[in-house]
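Below is one structure, written out as structure tokens; comments come after it.
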Amino acid sequence: MTREHQGGTRGWAAARKGVWSWLRFTSLRLRLVLVFGLVALTAAVSASGIAYWLNREAVLTRTQDAVLRDFEQEMQNRAGALPEHPTQDELQHTAGQMANSSQRFGVLLAAENADGETVYGSSGGLGGFALSDVPESLRTAVNKEQKVTSANKHAYHLYWQRMSDDGTPYLVAGTRVIGGGPTGYMLKSLEPEAKDLNSLAWSLGIATALALLGSALLAQALATTVLKPVHRLGVAARRLGEGKLDTRLRVSGTDELADLSRTFNSAAENLEKRVADMAGREQASRRFVADMSHELRTPLTALTAVTEVLEEELEYEGEGEGGSFDPMVEPAVRLVVSETRRLNNLVENLMEVTRFDAGTARLVLDDVDVADQITACIDARAWLDAVDLDAARGIHARLDPRRLDVILANLIGNALKHGGSPVRVSVTRADDEIVIRVRDHGPGIPEDVLPHVFDRFYKASASRPRSEGSGLGLSIAMENAHIHGGGITAENSPEGGAVFVLRLPQDPSPPVDDDAVDGVHGGDGEGSAGDGSRGKDAKGRA
């Protein structure tokens, strides 16, 4: 695929995505356009309807009044001049003369001849306007004699009616000559007026469509003007949420959106200052812990050497070889040895924690036989008699042997101290993971403690705040699992006892910055953060 084709495909995909996002009903832009369109459509349809109705009435009324006035005048002038009993020819001739008036309508005259017969005369001849074309109701009204009163001075009146024949509108009217004479009917086609009204309706429809289109374009322009700052604000908020605290909005104008942008900039500036202040304090705290740990290592090295000599002297005295300790001093010496060892482990653990927090902890990967590694860990701490290992050799993985030893020492030592033997360690392979389960046969972990077993310095029992461990062991084990790309879970077995499950990938990807796992603070168990503490130094869960 050529680069131009790829670029065209990406452009089409981006355009399609943009159109789809624009057409979403949840889009504020679409809703603004729809509201503007509905308002414009309602207003345009209402205005067009009112205009059409007013123009229709005006056109029809004007035409109707002119025709009726002309018909009434023709009836008085021409039909009134006929004899009392006209012949059919006279009626025919008069109807033709009346039809030639300025309004050009059809005329039908009816009267009685000298023989008492009703004769008709039509302007269109025998095939023209006939009495059957006049509605029955109109004929009845025309021939009905009204009572003459002061308010009604004539017995007969002019009546009219609009009708439609095959889709063509007509005006029909009728009256009788006052004082005796023929009855006349008029038929006028309103088709020219109907065509004019249809043209007006089309014009109003086109105007309505144009108004709707214009309102949609106006709504789009307004939505763009209003929503562009909102879109910029959304993008800035996402960038701020991604940790880019230097994000700011360009402020222009004095409207509400400008005030919102200023508020956002102020909030972002305050947040950046607070985060920078907190980061500085956290960095200073980490540096203090690291410096303190390093400074403590020098005197601790000397103290450790002295305590080792004292410990050997105590063991020599215990074998009955004779010693130099006064019986009153011996307990104090043992306490110094124990506390020095505990302090040394604490400093080592604190240094290990600061490496994780500072993001300097790195893996040194090697091809490891997991079963051999567990056996070496157990043997180095003299736990062979207390641990039941169920692991077949030949399960290999690329791991950091030192960090794996730290994890195993913490989990197994934790189980031995607080769960009780026998402790069962099993190894299985699941997909691309190595799963190591450490189960004890103790009372299990209280439900309220389970969520906190990997918290730093957490101890379940407040009654024994001083124990051999520091409360960092399980935290360090979890950090070491995370840096491998794995994790540790803790739960209670249905058969009794606690179960810790370690999952590690067989071939972990290169480690990322450990700030990604810095949020996992743990620790209520502690084997040494180093490699080779003895069984009596392995601290269990709090």
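All figures in this text were calculated on a predicted structure; none of them were measured in a lab.
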Rounded to the nearest 0.5 angstrom, the CD-CZ distance for Gln506 and Arg429 is 5.0 Å
By salt bridge (Lys or Arg N to Asp or Glu O under 4.0 Å), Arg393 pairs with (sequence neighbours left out) Asp372
Counting C-beta onward and ignoring hydrogens, is there a side-chain heavy-atom pair between Asp405 and Cys377 closer than 4.5 Å? yes
Check: Looking at side-chain heavy atoms only, is the closest gap between Glu447 and Leu450 below 4.5 Å?
Finding: yes
| query | So do the side chains of Trp383 and Leu389 get within less than 4.5 Å of each other, counting heavy atoms only? | reply | no
Phe500 vs Ile407, test: side-chain contact (heavy atoms from CB on, under 4.5 Å). Steps then yes/no. CA-CA 11 Å; Phe500 284 83; Ile407 299 173; over 6 Å; no
For Ile395 and Ile434, the nearest pair of non-hydrogen atoms, with its separation, is CG2-CD1, 3.4 Å
Nearest heavy-atom contact between Ser48 and Leu204 is O-CD1, 3.3 Å
In this structure, NE2 of His396 is separated from CG of Asp369 (nearest 0.5 Å) by 4.5 Å
(request) Taking the side chain as every heavy atom from C-beta outward, state whether Leu240 and Phe264 have any pair of such atoms under 4.5 Å apart. (result) yes
Q. Would you say the side chain of Leu363 lies within less than 4.5 Å of the side chain of Leu399, judging by non-hydrogen atoms?
A. no
Query raised in the report: Taking everything shown except Asn198 itself, do over 12 heavy atoms lie less than 6.0 Å from its CG?
Result: yes
Check your understanding: Is the closest side-chain heavy-atom distance between Arg437 and Arg424 below 4.5 Å?
Key -> no
task: Start with the C-alpha distance between Arg281 and Asp277, add both sets of side-chain angles, then the distance that settles salt bridge (Lys or Arg N to Asp or Glu O under 4.0 Å), and finish with yes or no.
output: CA-CA 6 Å; Arg281 293 182 182 180; Asp277 183 53; 3.2 Å; yes
Inset, instruction - Examine distances only and state if a side-chain atom of Asp379 and a backbone atom of Thr375 form a donor-acceptor pair shorter than 3.5 Å. - result: no
Note: Asp400 and Val364 closest approach over all heavy atoms is OD2-N, 2.9 Å
So CG of Leu504 and CZ of Arg398: to nearest 0.5 Å the spacing works out to 14.0 Å
Are Leu408 and Ile436 close enough that some pair of their side-chain heavy atoms sits under 4.5 Å apart?
yes
Self-check item: Donor-acceptor under 3.5 Å (Asp366 side chain, Val368 main chain)
Solution: no
With sequence neighbours left out, the residues meeting side-chain hydrogen bond (donor to acceptor under 3.5 Å, both in side chains) with Asp385 are none
Under a 4.0 Å threshold between the charged nitrogen and the carboxylate oxygen, would Glu242 count as salt-bridged to Arg238? no
CZ (Arg439) and CG (Asp388) are apart, to the nearest 0.5 Å, by 11.0 Å
One should read off an interatomic distance between Ser493 OG and His441 NE2, to the nearest 0.5 angstrom, of 8.0 Å
What one should report as the nearest heavy-atom pair of Leu502 and Leu404 is CD2-CD1, 4.3 Å
For Ile488 and Ala481, the nearest pair of non-hydrogen atoms, with its separation, is CG1-CB, 3.8 Å
task = Check whether any side-chain N or O of Asp432 sits under 3.5 Å from a backbone N or O of Pro505 as a donor-acceptor pair, and report yes or no.
result = no
Distance col, row Asp455:CG vs Leu474:CG, nearest 0.5 angstrom, shows 10.0 Å
Residues at least two apart in sequence or cross-chain that pass salt bridge (Lys or Arg N to Asp or Glu O under 4.0 Å) with Asp259, listed by chain then number, are Arg262
Between His418 and Pro443, the two heavy atoms sitting closest are O-CD, 4.0 Å
Item checked: Whether Asp440 side chain and Ala498 backbone form a donor-acceptor pair below 3.5 Å -> yes
